[in-house]
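The next block holds one structure in the form of structure tokens; read it before the comments.
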2 protein chains.
Amino acid sequence: MTKIDDVARLAGVSPATVSRALRGLPTVSAATRSRVLAAAEQLQYAVSPSASRLAGGRTGTVAVVVPRITRWFFGVVVEAAEDFFHRAGYDLLLHNLGGREQNRQRVLHATHLHKRVDAIMLVATPLRATDVTALAALDLPGVTISSGTTVPGWPCVRIDDVAAARTATRHLLDLGHRRIAHISGDPDDELAFSAHLDRRRGHQEALRAAGLQPDPSLDVESSFDIAGGTRATEELLRRGDPPTAIFAACDEMAMGALTALRDAGLRVPQDVSVIGIDDHALSGVLGLSTIAQPAAEQGRLAAQLLLDPLCGRALDADVSKPDASVILDTRLVVRDSTAPARAN
Amino acid sequence: MTKIDDVARLAGVSPATVSRALRGLPTVSAATRSRVLAAAEQLQYAVSPSASRLAGGRTGTVAVVVPRITRWFFGVVVEAAEDFFHRAGYDLLLHNLGGREQNRQRVLHATHLHKRVDAIMLVATPLRATDVTALAALDLPGVTISSGTTVPGWPCVRIDDVAAARTATRHLLDLGHRRIAHISGDPDDELAFSAHLDRRRGHQEALRAAGLQPDPSLDVESSFDIAGGTRATEELLRRGDPPTAIFAACDEMAMGALTALRDAGLRVPQDVSVIGIDDHALSGVLGLSTIAQPAAEQGRLAAQLLLDPLCGRALDADVSKPDASVILDTRLVVRDSTAPARAN
DNA sequence: CTGAAAGCGCTTACAG
DNA sequence: CTGAAAGCGCTTACAG
């Protein structure tokens, strides 16, 4: 394969100058630059990433860690971030935890990401105190999305989960519901992220603000996906005296709830109202009411917060402080799965 | 940061021996190996990937190219492949084309992947003759999933799209339908993959086998996703004399069709039957009849076909020939979206 | 604006 | 089984 010396020879300059010209450094005369570019083109030269990284200390790569790429939110976040990274010339190293705690530990292990990437994006990845220490010791720029625990020096992009949940439950209360169930992720799951707890908190705050006591028998935990929503709802129905409304912690759980209710012969929204959080791509198809959150915007913004400093660009004043959380807006979307409680 | 010489000094051996011991080469005595391992552990040593790659010529990385990570099939394939790669010690470099032809060209450009990865996995990525030449010139192992064009020396994992489509349309015919529409991806889209055409072909074969002529007015092309399914169905209804059944080229398009039909006041399956291909995670929730294809299995198997030779493992006899297509089974799943045609 | 030299931190023949 | 030496292909001060 052709290397930098070949290009240097053909262009009649030193390898150092080829290196500078190809990277667009300003300290190269226009004439020299064009000769180098022509030579590189003619020889089909491509820099060796390994050699460049070893000599330069930059990898041009960002690690992205997500719990499950197959879940709506994470897919959208990764797509938006990937687009931003590639435009900026960065490669994306994907780490999908696949719901396995052991993968989380492997990825976050001090030595794994070291020297392998220039920056880290952690999406909804729970962090213990030791993880935070290890990440800080890596001394790499990073950003978190939807993270409960923050890493010193890393910005965090998120929504206000407590407020989003409050809005969801308040919508059901406004429709006259009083027996409102909540189904959500299993907090004993080591990969459970903070949104679970925040959303439950928002739900309970809304109940209390309406003068209601949260009823433990109306609060069921399961896995944070479609199947989990189905199981949680089945459990709810098994307990007798079913709720007139269900607030699911995410749209995928809400969709599972729809299945369970249908299989139980209950109609939505006539018998039971259902609302989720997300505005999943299929929520419209299903007529699911929800609290919409901007997933792509979170991915794009986090990528920008991560890369702008690396590329020497100035950040917007409001988001320029690392450690600063950027909180994006959510909005209630009412479709056909929520309706007034029947007077009985 | 600690480097290999530090470990060598502490263990009282040469750097070469440290390198061998850490990589588990057999030519190291047990005593030496354990001393090296202990020293490395004590110093928290991690090999520098860039240096190792430059000296050794291996990157330990696989490039995965998908059209859109947010679509069900690609998310599942990537998750399954990622799991296999990481277990084998390989990193995954993700390239999401995001529906942009320009991204496809950038990724496939001869120099882009060169020296950056040890192997390539192309998922449903259309290849022109020049691309195939460029990929072959890279001289890297590769594998394709759901690809119409094959790369010499690369195995391909797929389903029989023609047969899958035939089964879908035959199911509708068996229910007594005669006016069966087909909605599918836009073949003019430069990122359209071969499955579009194969599925249309299977559909038309089934019609002809039943003595019917494919009716162009019942064949609408749009984007290969939910929104495309909606638009295609709206167009279909606009043409008047609506079909009694719709075969969508994928479940996401079928879901879009469900929305359009509902918005038009048509009931599924009483007025119109709908079937897709995939068995998307939400098809069960929607009661969508479909032809199920094993997405995770395709990702896992392709990853294995790619890595086994690299890891020096022997392959199963039946799949050991590169260039060989491995064709996985599909199966008809009847739910609530298909019903007998009304006698009128 | 450009070049000569050193160095990035490993692995690989080669020799023993 | 182990070591000394060379080399992987760049980039970075440094000097001019």
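Per chain, numbering begins at 1; letters A, B, ... match sequence-line order. Because the structure is predicted, anything quoted here is derived from the model rather than measured. Side-chain atoms are counted along with the backbone in the values below, which use heavy atoms only and exclude waters and symmetry mates.
Contacts of B/Pro26 with the nucleic acid, taken as non-hydrogen atoms under 4.0 Å apart, involve only primed sugar atoms and P, OP1 or OP2. Residue B/Thr32 is classed as a sugar-phosphate contact, given heavy-atom separations below 4.0 Å to backbone atoms only.
Contact annotation: B/Ser14 side-chain N/O to D/dT2 OP1/OP2 distance is not under 4.0 Å. Listed pair A/Thr27 / C/dT2 fails the phosphate criterion, with no side-chain N or O lying under 4.0 Å from OP1 or OP2. Proximity of A/Tyr45 to the phosphate of D/dC10: a side-chain N or O atom is located under 4.0 Å from OP1 or OP2. The side chain of A/Ser29 places an N or O atom within less than 4.0 Å of a non-bridging phosphate oxygen (OP1 or OP2) of C/dT2. One finds no side-chain N or O of B/Ser48 lying less than 4.0 angstrom from the OP1 or OP2 phosphate oxygen of C/dC10.
A/Leu54 has its CG atom 14 Å from the P atom of C/dG7, to the nearest Å. One atom, CG of B/Leu25, and another, P of C/dT12, lie 8 Å apart when rounded to the nearest Å. The interatomic distance linking B/Asp5 (CG) with C/dG7 (P) rounds to 13 Å, in whole Å. Rounded to whole Å, the distance from CZ on B/Arg20 to P on C/dT12 is 9 Å. Taking atom CD1 on B/Ile4 and atom P on C/dC10, their separation rounds to 5 Å, with Å as the unit. Look at NZ on A/Lys3: it is 14 Å from P on D/dT11, rounded to the nearest Å. Remark: P of D/dT2 and CG of B/Leu22 are 14 Å apart, rounded to the nearest angstrom. One interatomic measurement links the two molecules: CZ of A/Arg58 to C1' of C/dG9, which rounds to 19 Å at whole-angstrom precision.
Closest-nucleotide positions on DNA chain D for B/Gly56 and B/Thr17 were compared, and the one nearer the 5' end corresponds to B/Thr17.
Taking every heavy atom of both residues into account, A/Ala31 and A/Ser34 meet most closely at O-OG, 3.0 Å.
Annotation: side chain of B/Leu122 is not in contact with side chain of B/Val64 (no heavy-atom distance under 4.5 Å).
No donor-acceptor contact under 3.5 angstrom links the side chains of B/Glu82 and A/Asn96, judged on distance only.
Candidate nucleotides C/dT11, D/dT11, C/dA4 were compared by shortest atom distance to the side chain of B/Arg23, and C/dT11 ranks first.
The aromatic rings of B/His86 and A/His112 sit perpendicular to each other, their planes meeting at more than 60°, with 30° as the lower class boundary.
For B/Glu41 and B/Arg35, the salt-bridge test fails: no basic side-chain N is under 4.0 Å from an acidic carboxylate O.
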